Amino acid sequence: MSNFIQHPYHIVDESPWPLYGSMGGLYLTSGMVSWFHLQDMTLFYTGLILLLMVMYQWWRDISREGAIQGLHSAIVELGLRWGMMLFITSEVFFFLSFFWAYFHASLSPNIEVGSVWPPAGIMPFNAFGVPLLNTIVLVSSGISVTWAHHALMMGDYAQTKWGLVVTVVLGVYFTMLQGLEYYEASFSFADGVYGSTFFIATGFHGLHVIVGTLFLLVCLVRHLKGEFSLSHHFGFEAAAWYWHFVDVVWLFLYLAVYWWGGV
């Protein structure tokens, strides 16, 4: 008698990507330390290239499992949904720590920063300049990804394609605007608690925008290859959930850091 028992769960094959991904993360973070202290970016670029290669090949494998091999059954997809929800929940608490640090410093500024907020000598950004434009861009991208999602559920694949294209373009545009904002900033990460909390919060959000843009770009490529259908498109849903999370975090950042904290 065969020991094989048919079941709806997906037993993952052996994969080198978790190991290589952890190595890439280690090289990337160690490389940042080397970059900041020794002005040597070799290890940083090594980690970045390794991570990009792992992302491409891991996404490729998962796409094959779901779209070609048919391994993502209903129960497997349910597990993926719970996993994505728990991941986003962990990200909420990740950003909560930054808001906690920001409000701890701003609601009761100590004597070292002049007992005022923003601290003396800091010229904050005009909340109604580039930050407001970035807010409009990101909210618009949330609308366009919702447009793409509803079009996919209606079977209108052409509209889905254009909705994804618009969202990816807006994500890239947001990143360019934030890069310009950082370039023109009158303060730096080293300028006390204001600089450190500002750049750590907005910088990590910018990193999430880049990751979300890549996530949606992968979904666009998969859509063009015909891998999504009306009833089987969780990869797209996961990207849309992540993008809406990024939108909401930015709204809180805009209101707390740029508008309220910059007055």
Side-chain angles (χ1 to χ4, degrees), residues 84-110 112-147 149 166-213 215-216 238-263:
M84 191 65 193
M85 287 189 285
L86 290 172
F87 169 69
I88 291 176
T89 301
S90 72
E91 292 283 89
V92 169
F93 284 97
F94 177 74
F95 278 99
L96 181 62
S97 65
F98 300 145
F99 283 106
W100 186 297
Y102 182 81
F103 283 116
H104 177 81
S106 60
L107 290 174
S108 181
N110 57 33
E112 284 81 4
V113 297
S115 300
V116 294
W117 194 267
I122 293 290
M123 183 181 297
F125 289 101
N126 178 10
F128 300 101
V130 173
L132 180 59
L133 176 59
N134 258 342
T135 303
I136 296 171
V137 168
L138 212 53
V139 170
S140 300
S141 71
I143 295 172
S144 62
V145 78
T146 303
W147 163 37
H149 189 196
V166 170
T167 307
V168 170
V169 170
L170 289 174
V172 173
Y173 185 43
F174 177 94
T175 302
M176 293 171 63
L177 285 174
Q178 190 172 44
L180 175 64
E181 181 182 71
Y182 282 4
Y183 180 76
E184 294 182 343
S186 61
F187 55 92
S188 70
F189 193 92
D191 283 323
V193 67
Y194 186 91
S196 59
T197 53
F198 174 87
F199 282 107
I200 198 74
T202 61
F204 266 109
H205 176 268
L207 178 62
H208 281 70
V209 170
I210 294 172
V211 171
T213 304
F215 201 171
L216 289 166
W241 292 355
Y242 187 84
W243 196 252
H244 288 310
F245 160 74
V246 168
D247 278 351
V248 172
V249 170
W250 174 258
L251 291 176
F252 280 103
L253 280 173
Y254 176 75
L255 292 173
V257 176
Y258 289 98
W259 182 62
W260 178 81
V263 175

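Just so it is clear, the values below take in all heavy atoms, side chains as well, and ignore hydrogens, waters and symmetry mates. Bear in mind that the values here come from a model prediction, so they are computed numbers and not experimental data.
- The backbone N or O of Asn134 sits nowhere less than 3.5 Å from a side-chain atom of Gln178 that would complete a donor-acceptor pair.
- The structure places CD1 of Ile210 at 10.0 Å from CZ of Phe174, a figure rounded to the nearest 0.5 Å.
- One distance of note links CG of Leu138 with CG of Leu251; it measures 7.5 Å at 0.5 Å rounding.
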Please output the side-chain donor-acceptor pairs of residues 85-94 that fall under 3.5 Å, not counting sequence neighbours, one pair per line with the distance.
residue, atom, partner, partner atom, Å
Thr89, OG1, Met85, O, 2.8
Ser90, OG, Phe87, O, 2.5
Glu91, OE2, His208, NE2, 2.2

request  = Show your reasoning for whether side-chain contact (heavy atoms from CB on, under 4.5 Å) applies to Leu216 and Tyr242.
outcome  = CA-CA 10 Å; Leu216 289 166; Tyr242 187 84; over 6 Å; no
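- Across Val193 and Trp117, no two heavy atoms sit closer than the pair CG1-CZ3, 3.6 Å.
- The heavy-atom pair separating Phe103 from Ala256 by the smallest distance is CZ-CB, 3.6 Å.
- Looking only at side-chain heavy atoms (C-beta outward), His104 and Thr197 stay at 4.5 Å or farther from each other.
- With rounding to the nearest 0.5 Å, the separation of CG in Leu255 from OG1 in Thr135 is 8.0 Å.
- Between the side chain of Tyr182 and the backbone N or O of Gly203 there is at least one donor-acceptor pair closer than 3.5 Å.
- The distance from the CH2 atom of Trp250 to the OG atom of Ser141 is 11.5 Å, given to the nearest 0.5 Å.
- Counting all heavy atoms, side chain and backbone alike, Leu253 lies closest to Ala201 at CD2-CB, 3.8 Å.
- The ring-ring contact (aromatic ring centres under 6.0 Å, His included) test with Tyr258 singles out one residue from Phe198, Tyr102, Phe252, and that residue is Phe198.
- Scanning all heavy atoms of the two residues, the minimum distance from Gly171 to Thr213 falls at CA-OG1, 3.7 Å.
- Between the Ser144 side chain and the Val166 main chain, no donor and acceptor come within less than 3.5 Å of each other.
- Shortest non-hydrogen contact noted between Pro109 and Leu107 is CD-C, 3.6 Å.
- The neighbour count for Phe99 CZ, taken as heavy atoms of other residues, nucleotides or ligands under 6.0 Å away, is above 12.
- Nearest approach of Asp247 to Gly142, heavy atoms of both residues: OD2-CA, 3.1 Å.
- Between the side chain of Thr167 and the main chain of Val145, a donor-acceptor pair closer than 3.5 Å is present.
- No side-chain donor-acceptor contact under 3.5 Å links Tyr194 to the backbone of Ala105.
- Ring to ring, Phe187 and Phe125 are close: their centroids are under 6.0 angstrom apart.
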